[in-house]
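Computation of the quantities below employed the complete heavy-atom set of this structure, encompassing side-chain atoms and omitting hydrogens, waters and symmetry-equivalent molecules. The chains referred to below are lettered A, B, ... by the order of the sequence lines, with proteins before strands, and numbering in each begins at 1.
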Protein chains: 2
Amino acid sequence: MLSLSEENYLKAIYHLSEQGKTNVSTNLLAEHMGTKAASASDMLKKLSQKELIDYGRYQGANVSESGKKMALQIIRKHRLWEVFLVEKLKFNWNEVHEVAEQLEHIKSPLLIKRLDEFLNFPKKDPHGSPIPDEHGEIKEKPQFPLAEKPPGFEGLVVAVKDPGNHFLEYLDKIGIYLGAKLKIVDRITFDGSSEVIIDNKKTLFLSKEAGANILLSE
Amino acid sequence: MLSLSEENYLKAIYHLSEQGKTNVSTNLLAEHMGTKAASASDMLKKLSQKELIDYGRYQGANVSESGKKMALQIIRKHRLWEVFLVEKLKFNWNEVHEVAEQLEHIKSPLLIKRLDEFLNFPKKDPHGSPIPDEHGEIKEKPQFPLAEKPPGFEGLVVAVKDPGNHFLEYLDKIGIYLGAKLKIVDRITFDGSSEVIIDNKKTLFLSKEAGANILLSE
DNA sequence: TTCAATTTTTAAATGAATCTAAAATTATTA
DNA sequence: TAATAATTTTAGATTCATTTAAAAATTGAA
Ligand SMILES: [Mn+2]
Ligand SMILES: [Mn+2]
Ligand SMILES: [Mn+2]
Ligand SMILES: [Mn+2]
């Protein structure tokens with residue numbers, strides 16, 4: 001059984017791998033965990049001993065098959081709890097992550113099975129991220145950062161790439177939500193920002209950064 | 001902020017105090033926690049330093065005012081989660097305690113406020129124990145162990161004193177549940193057992209121990 | 001009321017998770 | 001490619017929760 005710290009580190013390594021980074025470095029991991037490199041280095045050794053990651057000194061880490069499975073189960077729990085908080089307890093989507101960070105460590109297979117049933121087997125968390133099934137399988141339709149699509153493109157807002165608090169608050173403020181219909185009207189060459197229309201109604205300008213963080217369906 | 005261990009020890013001291021024991025002893029506490037006396041002794045010193053208990057070397061411990069408040073908040077969370085598990089996730093009443101033992105440590109005032117609302121402000125947990133309100137107030141109607149009431153007495157089953165797994169399973173098996181109407185028909189002098197009728201239907205014999213653990217309303 | 005049994009505390013160790021500082025290794029750049 | 005810079009690991013401490021063993025205090029029985 002993994003400790004709370006082991007679970008959090010393993011999840012971080014998995015998430016960093018997903019973001020393209022292969023051979024996750026000690027410094028990057030420490031930064032993500034809010035700890036120092038020495039601590040991350042110790043943990044890499046420990047997770048490696050448990051064969052949850054492939055790791056060699058100075059070489060960086062990658063999740064192993066069993067590590068990936070473990071990580072996905074933790075992520076499954078995290079996202080199911082986030083759905084619960086929003087759907088049942090009326091949390092705002094920017095209030096759920098911290099609490100889910102705690103709830104994801106509760107040990108009870110029955111609890112997760114029943115929670116999944118209670119929530120009617122949701123496929124997405126409140127930020128549009130897919131919820132792995134009990135075997136760690138993820139099915140996700142193709143989605144694209146708004147900033148990468150040309151003017152004229154129309155799609156639905158299906159997720160945010162990095163669901164940070166401030167970004168979600170900003171989306172609330174400007175009226176962008178999951179499921180909103182969004183048409184790209186123009187791309188400003190000067191700064192890479194986008195002019196968009198939401199639900200055929202409101203026109204908005206989104207910075208390059210915002211556009212990179214909003215994911216659209218085809 | 002209290003650590004997980006501190007919370008569990010404090011709660012244990014509170015529960016033991018409630019069971020009549022004044023000046024909770026190191027050994028008794030250790031036994032309840034499944035640890036050794038040395039560990040309990042260390043923890044008593046620590047909780048005393050934080051002024052959550054009144055304690056002097058060799059003198060035993062009693063919860064202080066602030067300690068009682070803390071303990072009742074943890075118990076509030078524990079019991080709200082138990083209600084959630086039974087009412088919403090269809091757990092049996094004998095499956096909830098272990099999971100609630102974990103869930104009670106989740107730190108989020110908003111979560112508990114919303115959970116309480118979601119459950120429609122329950123006053124009792126699935127074993128009939130009262131749920132303290134947000135100020136730590138408990139209101140409970142008088143209740144009596146079945147074994148202490150004479151033949152002829154009629155009342156409702158309102159709680160079990162010590163909701164251990166095996167006892168709850170046993171109650172399920174013989175058809176006793178919270179809210180059942182129960183009439184005491186006879187008391188057997190030989191072994192202190194009781195003959196009872198449930199819901200004016202089924203006649204049963206209950207051991208002295210079982211009778212002491214079933215609480216009836218007036 | 002004394003002294004032996006019991007209880008409680010303290011001392012010394014261990015393992016987990018963290019830190020700072022120093023050493024080792026790898027990467028960069030002049 | 002050799003020195004320097006950056007990264008990573010290791011060494012040595014610290015804090016927390018636990019243990020075993022020994023010492024101290026209390027209790028209670030003769
Ligand atoms: Mn999250
Ligand atoms: Mn977490
Ligand atoms: Mn319980
Ligand atoms: Mn607990």
*asked:* I need the OH-P distance between A/Tyr55 and D/dT7, as an integer number of Å.
replied: 16 Å

*The side chain of A/Tyr9 lies closest to which of these nucleotides: C/dT18, C/dT25, C/dT9?*
C/dT18

*Please test B/His97 against B/His78 for ring-ring contact (aromatic ring centres under 6.0 Å, His included), starting from the C-alpha separation and ending with a verdict.*
CA-CA 8 Å; B/His97 181 77; B/His78 181 107; 4.7 Å; yes

*Do the side chain of B/Arg114 and the main chain of A/Lys90 share a donor and acceptor less than 3.5 angstrom apart?*
yes

*Go through D/dT20, C/dT9, C/dT20 for me and flag the one nearest to the B/Ala38 side chain.*
D/dT20

*Can a donor-acceptor pair be found between the side chains of A/Ser25 and A/Asn27 at a distance below 3.5 Å?*
no

*Under 3.5 Å donor-acceptor, A/Ser17 side chain and A/Asn62 backbone*: no

*asked:* Quick check on contacts: within residues 14-35 of chain B, what sits under 4.0 Å from DNA chain D by heavy-atom distance?
replied: B/Thr35

_Starting the side chain at C-beta, find the nucleotide from D/dT18, D/dA25, C/dA21 nearest to B/Asp42._
D/dT18

*Judged by atom type as modelled, is there a donor-acceptor pair below 3.5 Å linking the side chain of B/Ser48 to the main-chain atoms of B/Asp54?*
no

_In whole Å, I'd like the distance from the CD atom of B/Gln59 to the C1' atom of C/dT8._
10 Å

*For B/Leu44 and C/dT7, what is the distance between atoms CG and P respectively, to the nearest whole Å?*
16 Å

*Respond yes when some side-chain nitrogen or oxygen of A/Ser5 is under 4.0 Å from OP1 or OP2 of C/dT18, and no when none is.*
yes

*asked:* Can you measure B/Gln49 atom CD to D/dC16 atom C1' for me and round it to whole angstrom units?
replied: 14 Å

*In whole angstrom, what separates A/Glu6's CD from C/dA16's P?*
8 Å

*Given atom NZ of B/Lys45 and atom C1' of C/dT8, what is their separation to the nearest angstrom?*
11 Å

*To the side chain of A/Ser39, which of D/dT26, C/dC19, C/dA11 is closest?*
C/dC19

*Go through the structure and list residues passing ring pair (Phe, Tyr, Trp, His ring centres under 6.0 Å) with A/Tyr55, not counting sequence neighbours.*
none

*Counting side-chain heavy atoms from C-beta on, which of C/dT8, D/dT19, C/dT20 comes nearest to B/Lys36?*
D/dT19

_On DNA chain C, compare the nucleotides closest to A/Arg57 and A/Met43; which residue's is nearer the 5' end?_
A/Met43

_ring-ring contact (aromatic ring centres under 6.0 Å, His included), that's the test. Do B/Tyr14 and B/Tyr9 meet it? Break it down for me._
CA-CA 9 Å; B/Tyr14 174 83; B/Tyr9 272 99; over 10 Å; no

